Each structure stands twice: as C-alpha cells, then as structure tokens.
Amino acid sequence: MPTNTFLGLVLVAVVAALVLRRLRPAWYWLSIGVTLAMVRIVFRYASVMDACGLTVPPSRLRLTLARMTNRPAPQSRPPRILRMRPTRTGLVLRLKLQPGQDAFDFAASTDRLRHSFAMHGISSREVKSGVIELRMTGYDVLARVQMPAKVIRDGLRIPVALREDGEVFYRDYQEVPHALNLGATKSGKSVYQRHLVKELASQHVALVGIDCKQGVELAPLARRFSALADNPDDAADLLEALVERMADTYQVIRREQRISADTPDAEITADLWGLPEDLRPVPVVLLVDEVAELALFSNTQEKKRRERIVTALVRLVQLGRAAGIYVEICGQRFGAELGDGITMLRAQLTGRVSHRVNDEASAKMAFGDISPDAVLATTQIPVERPGMAVAGDSSGGWVRIRTPFTTMRQAVNACTAHADRTPVLEGLESFRPVLPALVPVEIPAPAARPATA
C-alpha cells in the first residue's frame, strides 16, 4: 500500500474517531475509549500512584534482604489491582490497600487521579476493610441522560435519575421514607416530581397530591391519584384525613400483633409491611408541591389553617413510615422564615434533593445540616443544565444526579395506562378527583394505494 494512501486512511480514522467522540460519546467509549483507557491505566498505574502519594515505602524486611544480597533498594509499593471491569460508561477499578494506607487518602486524591488517567470523573468508596473501589467515567454522562435499558423496579424502589458515576439513582421509599426536593424556577424540580409519578404509576401504591397552584402540575395526572387538593383549605382537611388513616392503620397493626409466648418471632410486626397481604392497607405516597403556599398566611384565619397544616405534616413525617405513608415535599425555599414548625419538619426529611438554587442560603436549607461539600456542589449547578441536582441523605453522603427529561404527555400517558391501579382510600373519598370517562378514539384506516399496472 502506498504511503500516501496509508496516511490518508489513518487521518480519516482519526477524524472519524474525533467526530464520534464529539457527537456520540457513549458509542466512542464502547468502541474505542474503553480499550485506550485500560491500556493507559495499566502503563501509568505505578507512576501515577507514586506521584499522587498513594504508595507505601518498602518494609524493613525487604530493605534488609536487599542489603544482604547487595541489590538495589526496592521501590515504594502501590495498592494491588484486584479487578478492572469495563462498564457502559467507564471503568471500575478495585484495589487492595497496602498496610498503613487509608481509604480517605484515595477519596481526597480523586481529582488528581482523574487528570492523570485522563478520565472524566472518578469517585472512591470503601467496599470493605482494606479494599476500595474507584468508579471512573469516560465521558460526561449527565450531558445527555440515557437511562440503562434494564433497571430494577421493585415495589417502592424506583429509578428516578442517573448518577455522575454512570449508575442509576433509585428512590427507595422503604429505606428513605420522607424526602425534600428543592429548586428554583426552571431548575428541573417539576420534571423530577413528574418522573416520580410516572414511575410510581405502575406500582401498587396510592398517590395523594397537594398542589396549591390550582393543580396545574398534578391535575393532568389525576387519573392515577386517589386524592388531590388544589388549595390550602382542602389541603388542611386532606392532611388531617391522612392522619386519621394513619391512626386506623396502627389499630390494625395492634390488633394483628397478638403477642404471646407461642407466636413465632417472624409474625410479630410493628409496621404495615409485617401484616398479611390480605390485611395490609395499600401504602400511600403524599406529594406536596410548593410547600411555601401551605405555610404562608396574611390574617388570623389563615394562621389557624397554617397551624393545622404544619401540625398534620409533622405528625405524618414523624409517625407515618410504619403506617406506610411516605411524604415527598417540593418547594423553592424551605427555611425557618416560613414560620414555626418548619425546622422540625425539615429535620424529619431524610432524603434531600436540591436542584439549582438562586443563593447559598437555599442550598444550606437542604444540606447545611448534612454536608458543607454538598452545599458548595449545589451552588455550582449551571443554569444550562435543568434537571441536574445534588442528592444526599442524613448520613452525609451525596452525589450529583440528573433526571431524564419527562414530558407532561409521557407522564399523563403513564397515569392513564395504569388508572385501573388507583385504589379508593377509605376516609378520603371526598378528595378523589372527578374526571370524565375515557372515550376511545377511532384511528382512521390508511387510504388504500391505487392499483399499479
């Protein structure tokens, strides 16, 4: 083959790879990037670990043996690679630490490792004592969110977003019963809530909504809601009805406990999930949109209504978990300026998701009592990335996520398709949305093609 032809083919291949990396980073990673990254890590591993200070000096025994055999002094030892596994978004590197090393050193060095290995992002976590896992992403997975084809939907554990390390972020209501969702206007907060409803529509759960914007956010999804309030007065009555339902559920649990000496341990329960299936009430997810509208007041009558609302919400988040009532609160701000009881309410919301906010004080409302690093990450969310958020919990851990864009039509279609799963909640019948019956639409048959000779 002539030299000019060979160079031309090489140039075309390089340009094609660059274009593929620009337009389809996921395809580039799976076809070319993963191989280059693995080769780069294998050849650079020892030098990178030494440069980042993640090695340990040789032991005294090795130094003594080197002197006795008149050999050069052994070099510092990096952690041993146990496994290197490629994924659809990056690599997973599992390392065995050397004696004297700490997992915190690797967590603090992730940014230097990212530059040294030419990866987009690296996160570190401790698998067990002496073993850590480095999750590397080969490209910006949050720039264009693509959920995996196979995700786990198990009861009240639903996928809601994609994490920055390429993993799926799940919302598990049994593990994290109550959560707070903050975000400024056009930050993606409503899309996150809409995606929650879309995923919950197919599950065995009752949805209850409070939307004081006259129902503009939740009313289109009403076919899947067992109860819906679109003003503060109805919201106060609805919340008190939920408190009564919670008390009735506890009576069912008490009645079925029947604790005695001959009762097996597995049959003794203190929550809804330990009841037999034929006696178990359907779990309830309460979604509150724009919580500030429930806490604001301008006269004495509205102040009394606010006290009823806040008292009922505090009771639900304190006691509702065992009765199968889970609360999801959304708002632009959720601080002490909303009045008494708000700080107590926020303390009970274990899950925290904060989209882009307009000031640092709003970020502190979500993560000020959890992690200062999460506050800083929240204030750095760019305006041009709606749906991007920081998710954390009371343990102090946090991660960047981004919700896939879900249109209102997609959410409405999901709620309509699963409208038959909408349960009737005893005591909340008066709050059930009244909707016209679905009318089947006849699609005209395509016109017949004219016969051809």
Side-chain angles (χ1 to χ4, degrees), residues 17 21 24-59 61-62 74-142 145-152 154 157 159 161-170 172 175 391 395-401:
R21 183 178 182 179
R24 290 291 185 269
W27 296 0
Y28 171 82
W29 172 256
L30 293 175
S31 59
I32 303 174
V34 63
T35 303
L36 295 178
M38 294 180 71
V39 172
R40 190 164 53 241
I41 290 174
V42 169
F43 279 93
R44 294 184 183 177
Y45 179 74
S47 60
V48 167
M49 290 296 168
D50 185 55
C52 294
L54 299 176
T55 58
V56 295
S59 63
L61 177 60
R62 295 180 64 193
Q75 297 180 350
S76 299
R77 293 176 297 169
R80 182 162 53 93
I81 298 178
L82 297 180
R83 186 175 65 184
M84 185 186 301
R85 177 172 59 89
T87 66
R88 69 181 188 90
T89 59
L91 291 171
V92 177
L93 195 64
R94 185 163 290 191
L95 306 177
K96 174 65 177 177
L97 302 185
Q98 298 289 351
Q101 288 187 317
D102 188 3
F104 176 78
D105 296 334
F106 289 82
S109 302
T110 53
D111 198 50
R112 286 180 289 174
L113 292 174
R114 176 175 66 90
H115 288 293
S116 301
F117 289 136
M119 303 295 287
H120 182 268
I122 296 181
S123 61
S124 171
R125 73 180 184 94
E126 186 175 5
V127 179
K128 60 180 180 179
S129 178
V131 178
I132 67 166
E133 190 174 81
L134 297 179
R135 284 194 165 271
M136 308 180 181
T137 51
Y139 59 96
D140 188 0
V141 298
L142 300 184
V145 179
Q146 293 180 327
M147 299 291 283
K150 294 183 179 180
V151 293
I152 301 174
D154 183 17
R157 186 173 185 263
L162 194 66
R163 295 160 47 114
E164 63 178 342
D165 58 3
E167 294 295 304
V168 177
F169 177 75
Y170 290 91
D172 192 339
E175 293 294 331
S395 66
W398 60 275
V399 66
R400 292 182 182 89
I401 64 173

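Owing to the predicted nature of the structure, the values given are computational and were not obtained by experimental measurement. Residue indices begin at 1 and follow the sequence shown.
- Nearest heavy-atom pair across Ser116 and Cys52 is OG-SG, 4.4 Å.
- A salt bridge between Arg157 and Asp154 is absent, with no side-chain N of the basic residue lying under 4.0 Å from a carboxylate O of the acidic one.
- Within the 4.5 Å cutoff, the side chain of Val141 has heavy atoms near those of the Leu162 side chain.
- Here the side chains of Thr137 and Met119 are not in contact, with every heavy-atom distance at 4.5 Å or above.
- Taking all atoms of both residues into account, the shortest heavy-atom contact from Ala103 to Ile132 is CB-CG2, 3.8 Å.
- Nearest heavy-atom pair, Arg88 versus Leu30, reported as atom, atom and distance to 0.1 Å: CA-CD2, 3.7 Å.
- With rounding to the nearest 0.5 Å, the separation of CZ in Phe106 from CD in Glu126 is 11.0 Å.
- A distance-only check finds a donor-acceptor pair linking the side chain of Tyr170 to the backbone of Ile152 [under 3.5 Å].
- Across all non-hydrogen atoms, the minimal contact from Pro79 to Leu97 is CB-CA, 4.2 Å.
- Below 30°, between 30° and 60°, or above 60°: for Trp29 and Tyr139 the angle between ring planes is between 30° and 60°, a tilted geometry.
- Residue Met136 holds its CE atom at 7.5 Å from CE of Met84, rounded to the nearest 0.5 Å.
- Leu134 contributes atom CG, which lies 6.5 Å from atom CD1 of Ile122 (distance to the nearest 0.5 angstrom).
- Relative to the ring axis of Phe169, Arg163 does not place its NZ or CZ within 45° and under 6.0 Å from the centre.
- Side-chain contact between Leu95 and Val131 is absent, with no heavy atoms from C-beta onward closer than 4.5 Å.
- Note that CG of Asp165 is 9.5 Å distant from CD of Glu133, once rounded to the nearest 0.5 Å.
- Annotation: the span from Ser109 atom OG to Leu54 atom CG amounts to 4.5 Å, rounded to 0.5 Å.
- With contacts defined as side-chain heavy-atom distances shorter than 4.5 Å, the pair Met147/Val168 qualifies.
- Of all non-hydrogen atoms in Pro57 and Ser76, the two that sit nearest each other are CA-OG, 3.8 Å.
- Put simply, OG on Ser123 and CG on Leu113 are 11.5 Å apart, with the number rounded to the nearest 0.5 Å.
- Under the 4.5 Å side-chain criterion, counting only non-hydrogen atoms from C-beta, Asp140 is not in contact with Pro25.
- Gln98 places a side-chain N or O within donor-acceptor distance of the main-chain N or O of Pro78, the cut-off being under 3.5 Å.
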